[in-house]
There are 2 protein chains.
Amino acid sequence: MNHAASLTHIAAALRSGSQPLLPYIEQMLDQLDAEDGAVQAFVPEPDRRARVLADAQALIDRYPDPASRPLLYGVPVGIKDIFRVDGVPTRAGSAVPPDVLAAPEAACVSILKQQGALVLGKTVTAEFACFQPGPTRNPRNLAHTPGGSSSGSAAAVAAGFCPLAIGTQTIGSITRPAAFCGIVGFKPSYGRIDPAGVIYVAPSLDHVGLFTQDVASMQLAASTLCRDWQPVENPGQPVLGVPDGPYLRQASAEGLAAFERQVERLQAAGFVVKRVSLLHDIEAMNHRHRELMAYEMAQTHQAWFADHAEQYSAATAALIERGQGISRVAAQADANGQRIARQQIEAHMLEHGIDVWISPAAVGAAPEGIESTGDPVMNLPWNHTGQPTITIPIGVAANGLPLGLQCSAAFGQDEHLLAWAAVIEDRFPI
Amino acid sequence: MNHAASLTHIAAALRSGSQPLLPYIEQMLDQLDAEDGAVQAFVPEPDRRARVLADAQALIDRYPDPASRPLLYGVPVGIKDIFRVDGVPTRAGSAVPPDVLAAPEAACVSILKQQGALVLGKTVTAEFACFQPGPTRNPRNLAHTPGGSSSGSAAAVAAGFCPLAIGTQTIGSITRPAAFCGIVGFKPSYGRIDPAGVIYVAPSLDHVGLFTQDVASMQLAASTLCRDWQPVENPGQPVLGVPDGPYLRQASAEGLAAFERQVERLQAAGFVVKRVSLLHDIEAMNHRHRELMAYEMAQTHQAWFADHAEQYSAATAALIERGQGISRVAAQADANGQRIARQQIEAHMLEHGIDVWISPAAVGAAPEGIESTGDPVMNLPWNHTGQPTITIPIGVAANGLPLGLQCSAAFGQDEHLLAWAAVIEDRFPI
């Protein structure tokens, strides 16, 4: 697999002109043609080459002067196929006709374009960003799932098809596929990236997130897409917290043992690691989150499902039907529990002086087969509370596939989280 | 949930006439009408009541004398919808038209009928007994999966809709759903029940298996369906083996801790438990098994998939397409590895004097949601080798759902395995 350079390097080379845009884009399109038949990260698009080359030529015409070029000038990006993009149909991994799903372009796609990015294409998503998998395979081992629901976006970056891709997370659809594919995945604080124009799963739980190959690239991408980004210099060394208790024991015994070895290596590298008993109500939180998701999913899909139920997979239909049976009162209680959970976790951070919770990014490495996208249970609490999380590749499992370290900061501490993740990435002896 | 009595009690009462057949069957049909809307264990069948009552009346007319009645006289059974049954369409959880899938009645269904059983109906299966879930819910908690692919058969017995149901297992489709639903699941030695007339997944890996509420009932059911059943009296207390190593560490940390507590309680109850380092090649075995399954699945579905690809779910299509890319040479190597694996495991049993391997029946209890049927990885080795396994309910997890103890004996030791399982069930202080 021909791995593309990281976003920071490519973006700098394209802006300066040291890497001319047209031959680079042609090479990336050639690579996609040659390799994506096996990976299936992107949704097929017959006119892709003509569209992307026309967009590239327009950029060249618009920005002849390198000094005027925007931050992502000429950078090819993958867009999860639940974001609307003008000129490309939105299918959302569904059999529902694209014209039913059509709407104005997603706000963050427009921002990416304003920053000079080229939409390389739509990436494969599980049906409506839930659990019904698409055909995408893990570039690290084609017999394994890339994770989901942002399957194609994670696989596209891991395969080197593009240095940046965007996705969404409602339980674990950024962190898990990033970890399974051995790349960096960032889910900012809830609401930090505008979700307008994205097909919701559950609006109060959905987050727009990003995939890159390294943390510095993530800082660049986040600075273009997150509201009011304030870069942090010299963040210092974070105090790390391990959330001991039943939450951690949801990981596989192998995955948990690998995590504990990672903790030991972080301590050996000089990090302060505090163990705190946390998340003893994990069963209740898991239930609350999934109930709220089903309730809001039923509302999101109310009109579409009424007209097109037969075009939904059984699994997605079952989720909607479960949601239809949940009362507004129950959902309100779930949402209240969600707010209390964030307060409790942040109170523990204050009490123990913890900057970053660390945990396994998934119960283990990517399982074999693509019939399931794997279990998001390790990601759920940090999505439930809306806290920002980043996963960085930190090792390899017995099956040869990557393992990720999931790092979570307090709500709104996105800039610090990425700065701290850069410290861990830099000093952690992988 | 109105739990039916166990098969042994019901079968005896129906044979003797102490329980008259017609009112019993009418009550079971009423219960199904009242409760299966929530569980969805059975495939809907508009004429079910008339068909079953006619079959019952025919039995009554045929066997006026209790002394002549066969073992399963009047017992309602659930049949996984990949077994052909005369007069009921076979849908296999698929959108492929039933007439494409039609074939003569499955041999074991005919045996059940000869033994006096009444086909209560077809039970929901994951699509073609693979991974694409159906709508069935876990009767122990409707928000959770019942497991799969024999989802409906396990749920039907757990819900008390019938005291016996049949299913199949290619990786873990008997043991896992039985454990998730808190009932007994038995997968006999490979080939011990005739699979003729069942839609194959992978003929060299598929097993017909059974669900009941207790071990004594399983002994009765197995005696009617397994070739040449020789009941074992006074089997003695089995020496139990724990297969230490990376296989066990695939379980969740919580699931493994629960298993270790079960081991301690078995020892406290007087069982000899030996720990043996085993299955260090579990990654290779997992890969071999899934590769062989995909290869044979592609052959099983060659003609159907050629004509009806668009009616397959993406997940099942991907499995078939993976199989199409696997060479005969690779599949042959996998099959050779399979034979060697059985020899190695049985050599360890001889060397250490182990009668029954014990292990967790799944990585944990049934997960919430019905979008996935859960992970079969704890079941794979015993299906790979064709050894008989039985799971018995042995505890409850933090989420309130049941946990199973998976017991595996040497190939062909089916009668002993069930006799030993009865000893464990009887003496284990749950």
Side-chain angles (χ1 to χ4, degrees), chain A residues 38 40 93 95 124 126-127 130-137 141-144 171 246 248-258 280 282-284 286-287 289-291 293-294 310 313-319 321-322 325 363-364 367-375 377 397-400, chain B residues 38 40 93 95 124 126-127 130-137 141-144 171 246 248-257 280 282-284 286-287 289-291 293-294 310 313-319 321-322 325 363-364 367-377 397-400:
Chain A
Q40 300 197 53
V124 170
E127 184 189 9
C130 293
F131 304 104
Q132 182 66 34
T136 310
R137 296 175 175 282
N141 181 332
L142 296 177
H144 291 245
I171 308 179
L248 268 194
R249 291 198 296 271
Q250 297 175 121
S252 74
E254 188 203 347
L256 193 52
H280 281 271
I282 186 65
E283 287 294 336
N286 288 340
H287 179 72
H289 191 85
R290 287 175 175 272
E291 184 167 273
M293 175 174 161
E310 75 289 351
S313 73
T316 305
L319 181 61
E321 286 160 358
R322 178 181 174 198
V363 298
E368 189 162 335
I370 64 166
E371 65 279 358
S372 162
T373 60
D375 193 337
V377 74
N399 68 1
Chain B
Q40 299 196 54
V124 171
E127 185 189 9
C130 292
F131 303 104
Q132 183 67 36
T136 310
R137 297 176 175 281
N141 181 333
L142 296 176
H144 291 245
I171 307 179
L248 268 194
R249 290 197 296 271
Q250 298 176 120
S252 74
E254 187 203 347
L256 192 52
H280 281 272
I282 187 65
E283 286 295 335
N286 288 340
H287 178 72
H289 191 85
R290 286 173 175 274
E291 185 167 273
M293 174 175 160
E310 75 288 350
S313 73
T316 305
L319 181 62
E321 285 161 357
R322 179 184 174 196
V363 298
E368 191 163 334
I370 65 166
E371 65 277 358
S372 162
T373 59
D375 193 335
V377 75
N399 67 2

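Labels below follow one simple rule: chain letters A, B, ... track the order of the sequence lines, proteins then strands, and each chain is numbered from 1.
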Pick one of side chain, backbone, both or neither for B:Gln40, based on which atoms fall under 4.5 Å of a heavy atom in chain A.
->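 B:Gln40 has no heavy atom closer than 4.5 Å to chain A.
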For B:Ala251, is it the side chain, the backbone, both or neither that has a heavy atom under 4.5 Å from a heavy atom of chain A?
->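 Just the backbone, heavy atoms under 4.5 Å.
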Between B:Pro133 and A:Ala314, what is the shortest heavy-atom contact and its length?
->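 So the minimum-distance heavy-atom pair works out to O-CB, 3.9 Å.
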Applying side-chain hydrogen bond (donor to acceptor under 3.5 Å, both in side chains), name anything that partners B:Gln250, two or more places apart in sequence or on another chain.
->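 Scan of B:Gln250 (side-chain hydrogen bond (donor to acceptor under 3.5 Å, both in side chains), adjacent residues dropped) gives B:Asn286.
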When B:Glu368 is tested against each of A:His287, A:Arg290, A:His289 for side chain to side chain donor-acceptor pair (under 3.5 Å), which residue passes?
->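 Considering A:His287, A:Arg290, A:His289, a side chain to side chain donor-acceptor pair (under 3.5 Å) with B:Glu368 is found only for A:His287.
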Selection from A:Asn399, A:Leu256, A:Leu248 maximising heavy-atom pairs under 4.5 Å formed with chain B |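 Ranked by heavy-atom pairs under 4.5 Å with chain B, first place is A:Asn399.
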Leading residue by heavy atom contact count with chain B [cutoff under 4.5 Å; candidates A:Arg137, A:Glu291, A:Glu321] |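 The residue among A:Arg137, A:Glu291, A:Glu321 with the greatest pair count is A:Arg137.
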Approximate separation, where rounding is to 0.5 Å, of B:Ser252 OG and A:Glu254 CD |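 It is 13.5 Å, given to the nearest 0.5 Å.
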Residues that A:Glu283 engages under salt bridge (charged side-chain N to carboxylate O under 4.0 Å, His left out), provided they are two or more places apart |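 Per chain and number, A:Glu283 pairs via salt bridge (charged side-chain N to carboxylate O under 4.0 Å, His left out) with no residue.
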